[in-house]
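I have placed the structure first, in the form of structure tokens, so that the comments after it can refer back to it.
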Amino acid sequence: MISPSPLQAQSGGSTWHFLETGTVLVLLAIVTVTILLLVAVVLSKAVRNAERTRRKTRLEQSVRRTLYEGLAAGDADWEGLVADLSDREQKVLVRLLERGTELVSGSAAEDLSALAEAIDLRERARTKIESENRYERLRGLTLFIEFGWVADPEWLLACTSADRDEAEAAIRILANDPNPVTRLAGVEIALRQPSLSVYGTHVLSDLLEDDPEPLLQQLDRQDVDEPELLAQLLRVLVHSETATGDAPMAGVLAGLRHDSPIVREAACAVLGKYGWRAEVRDQVDLAVTELFEDPAVQVRIQAYEMLASWGDTAARAKLARAAETEANPRALFTIARGLGNEAKLFLGPDGTTSMEQRYGSWREVPELGIDHPQRLP
Amino acid sequence: MIRSVVGSLVVWSAVVVLGLYAVINSYYLLVHAVSLVELRRNVKERAVNPTHERFESAHLPGIAIIIPAFNEAQTIADNVRSSLDQSYPNTSVVVVNDGSTDDTLEVLRSTFDLSLVDESPPWDLDCEPVRGIFRSESVPNLLVVDKENGGKSDALNAGIWLTNQELFCSVDADSLIDKDGLWHAVIPFLTDPTRMKASGGSVRVANACSFDGSQVTDVRVSGEWLVGLQEVEYLRAFYSGRLGLSRLGSLLVISGTFGLFRTESIRKIGGYSRSTVTEDLDLVVRLHRHMIDTDTPYRISFVPEPVVWTQVPRTRRDLSKQRRRWYRGVLETASRHRDMIGNPRYGTVGTLAIPLYLLSEGIGPLVETYGYAIVPLAFVFGLVDFAFFATFLLLIVGIGIVLTFFSLVSEVWGYQRYHEPGHIARLMGYAVLEYLGYRQWKALVAFRGLIEFLRDRSAWGVIERRPFEERSPK
């Protein structure tokens, strides 16, 4: 950039000099050269991109044809097929396989996994995961995910850093082989993070889908300090199977009185699934007045959803009680959905028409974005 | 004596012009450099990071795609189809017919087989009276709100207050979203689900592209010079400008054409303002203000590759209307939020983002207009020497071209939507042509915008649209 040199009056006094002409010419030359360089760089890159795309498309088509022929043959001799490919085609094959099962799905994906094993892709993925480079590790983890390969939890824990993306990818790999050991390891990895991404919550749900008890046991200790993480772990339980037997619920119940509204809301959502346990209902009963008076409308709505999910006489009576005091129209709508036919017995927010008249036509319109369980008449 | 005073005034004002442009261009260079680094990081991350993969899950936040429509009969059906055709699994589409006087509602009725749900919404909406709300019998997840005319902000507010989805995406009715557009735009919300409040994506020019149904299949640079020049502008603004600003925590605009927001956060600040002509700029500035005032940790992000395709004006008249409105919007927003300018309480947004935005987008065009008039005159009358005049041209034209070429570097090193080198070369040509009349014309348009702002004119103006199919290849 030019420097703001002081102006100098020429001896004649009428014309102002800014910079020496030579300096300006140098600047002009610099800018011109920069422009020309950029033109060269951009155009050559554009030409190379176009050429590479054309070449890649041609090679990919040929390799894909080989792959599909192998897949169509059923029990293909993958090693023989690979040996017939040129070096360049083999590189394309690796790249295609690195992009994983987006190529095909179902049983064909399993065949491709066998091909990946045949060309040592799994070993290469292991090496990548053990690498010092974050991007390499992520690439290796992605391959394990794509091909559904199982990994030893201890090895995964040792190789992955504290990076959240790596931790979540590791949980996703553990979900390839859900068992008591991997579930425990997955929960342990999740608890090391200050918070999870939605992907992390999703993969932990996948891992714990059939048995969320390891998470309930962890929550029972009530030592998760971060409200964000606690709410996310509770949401994992919302989308898992209900724990059978007498899995500990104290951690979830404590969430009803947590300082953070996102935790209270998530706790209500979990408890909606556990209404079949009498002691859970009894514990919630003790907190229900506080929940109805919660300053956060989302907490109240989730509390009404919880009662609507339970759907028994006592829960409906509580909803009826809430209908008389609740003022928020979205919350009233939730109550009306939970009350079902009984909604006609209560006045809507305008005080003149019943809740049924006000909300009846909207009860089953998922386009509003309300897809929580509802008790229909 | 008088000649000497006038001469001094002219020269000193020309020096001020030069100084301001040095500041503006330094700022732009910084933003473009940061953009380039950020784009490379973004491309790399997306290629290897499994958390960026698409997945179906009950944990994914629901998104309401809200489409305000006023007299959009020509494009509305394609637009709704492209919104329904998203790869993101958890969406609903809410079209708000804002009292159209053409066949917008009829087109929607006949194309999507609408039936009335109710004449009134389930709860009060913060907008002009609603005439009826419809859902589709043939496609799931589509709601159409028919309401009295109240303007774009009012229509968006109707959708925001109606939906119960956690996020909403505002989409202009004359635009088409890439199939994966919503997926990419939602990634910031997935990676930072608590703090992320808004994200925007790139908007590109659709005028010369080919379509298959509601999706762009062949990306081309227009042969019409006015459209081509705007393609260069859009590339520069989105690929280089907003990406860098986002990285610097200084993003003030998420384009009204396509933006994703946390619904509750926007309801808390009262939705879109009805009293501004650039509701998108005003919304983001108010969002910053609210979050800082309430001491709430937050993030506003820009992702380079959720692409939305839009039609840009094809005539100078339409373009002038649009740009005058944009310019008035910058001044309006700056005036409305003047207490934030330079205010350290608002952190980077107050001390850096708003002042530099005002300088580059508000004062910049006026300074440029003045510069185009005064510097050549001063040179012709011998008040400044050739070196001064050349420096002026260097700063305005030379650095301007360098900046535009930077965005082309981003294009060829980034997502490479233009496949043919010929198109890139044509864009480079437009980048140079921009300085041979177009930029000067735009500076005058900005000056007219200033006069309209001072006269308190707030009209939007109507821009001619064409249906997308007309430009498909034969």
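By convention in this document, chain letters (A, B, ...) are assigned in the order of the sequence lines, proteins followed by strands, and residues within each chain are numbered from 1.
The two residues A:Ala50 and B:His419 come nearest to each other via the heavy atoms CB-O, 3.7 Å. A pairwise comparison of heavy atoms in A:Trp362 and B:Pro122 identifies CE2-CD, 3.4 Å as the closest pair.
In this structure the side chain of A:Val365 reaches within 4.5 angstrom of the side chain of B:Leu143, judged on heavy atoms. Between A:Glu228 and B:Arg195, the closest side-chain pair of non-hydrogen atoms falls below 4.5 Å. Using a 4.5 Å heavy-atom cutoff, the side chains of A:Arg48 and B:Pro421 are not in contact. In this structure, B:Thr163 and A:Leu368 have side chains that are not in contact, with every pair of non-hydrogen atoms separated by 4.5 Å or more. Between A:Lys45 and B:Glu411 there is no side-chain heavy-atom pair separated by less than 4.5 Å. Two residues are said to be in side-chain contact when any heavy atoms from C-beta on lie closer than 4.5 Å; B:Pro193 and A:Val198 meet this criterion.
Note that OG1 of B:Thr194 is 6.0 Å distant from CD of A:Gln232, once rounded to the nearest 0.5 Å. Distance OG/A:Ser195 to CG/B:Asp192: 7.0 Å, rounded to 0.5 Å. The distance from atom OG of A:Ser44 to atom CD1 of B:Ile424, rounded to the nearest 0.5 Å, is 11.5 Å. The line from CD1 of A:Ile35 to CD1 of B:Ile401 is 4.5 Å long, rounded to the nearest 0.5 Å. Interatomic distance, A:Thr21 OG1 to B:Asp385 CG, rounded to the nearest 0.5 Å: 6.0 Å.
Using a 4.5 Å cut-off between heavy atoms, A:Thr34 touches chain B through its side chain atoms alone. For a residue to count as touching a neighbouring chain, one of its non-hydrogen atoms must lie under 4.5 Å from one of that chain's; by this rule B:Glu56 touches chain A with the backbone only. For A:Tyr135, the parts lying near chain B are the backbone and the side chain together; criterion is any non-hydrogen pair under 4.5 Å. Contacts of A:Val39 with chain B are made by both backbone and side-chain atoms, with heavy-atom separations under 4.5 Å. Contacts of A:Ile145 with chain B are made by side-chain atoms alone, with heavy-atom separations under 4.5 Å and no backbone atom involved. There is no contact between A:Leu332 and chain B, counting heavy-atom distances below 4.5 Å. For a residue to count as touching a neighbouring chain, one of its non-hydrogen atoms must lie under 4.5 Å from one of that chain's; by this rule B:Glu166 does not touch chain A. For B:Ala58, the parts lying under 4.5 angstrom from a heavy atom of chain A are both the backbone and the side chain. For chain A, the nearby part of B:Ile133 is the side chain; its heavy atoms alone come within less than 4.5 Å. Using a 4.5 Å cut-off between heavy atoms, A:Arg172 does not touch chain B at all. Neither the backbone nor the side chain of B:Tyr418 has a heavy atom closer than 4.5 Å to any heavy atom of chain A. Within the 4.5 angstrom heavy-atom criterion, atoms from both the backbone and the side chain of A:Arg330 approach chain B.
Taking the six-membered ring for Trp and thresholds of 30 and 60 degrees, B:Phe55 and A:Tyr199 have ring planes more than 60 degrees apart, a perpendicular arrangement.
Not counting sequence neighbours, the partners of B:Phe389 by the ring pair (Phe, Tyr, Trp, His ring centres under 6.0 Å) test are B:Phe379. In this structure A:Trp149 satisfies the ring pair (Phe, Tyr, Trp, His ring centres under 6.0 Å) test together with A:Phe144, A:Phe147, sequence neighbours excluded.
The side chain to side chain contact (heavy atoms under 4.5 Å, CB included) test with B:Phe405 singles out one residue from A:Val41, A:Leu37, A:Leu38, and that residue is A:Leu38.
No more than 12 heavy atoms of other residues, nucleotides or ligands lie within 6.0 Å of CG in B:Asp124, so this atom counts as exposed by the packing criterion.
Under the 3.5 Å distance criterion, with hydrogens and angles disregarded, a donor-acceptor pair is assigned to the side chains of A:Ser205 and B:His59.
In terms of modelled atom types and a separation under 3.5 Å, the side chain of A:Asn49 and the main chain of B:Val412 share a donor-acceptor contact.
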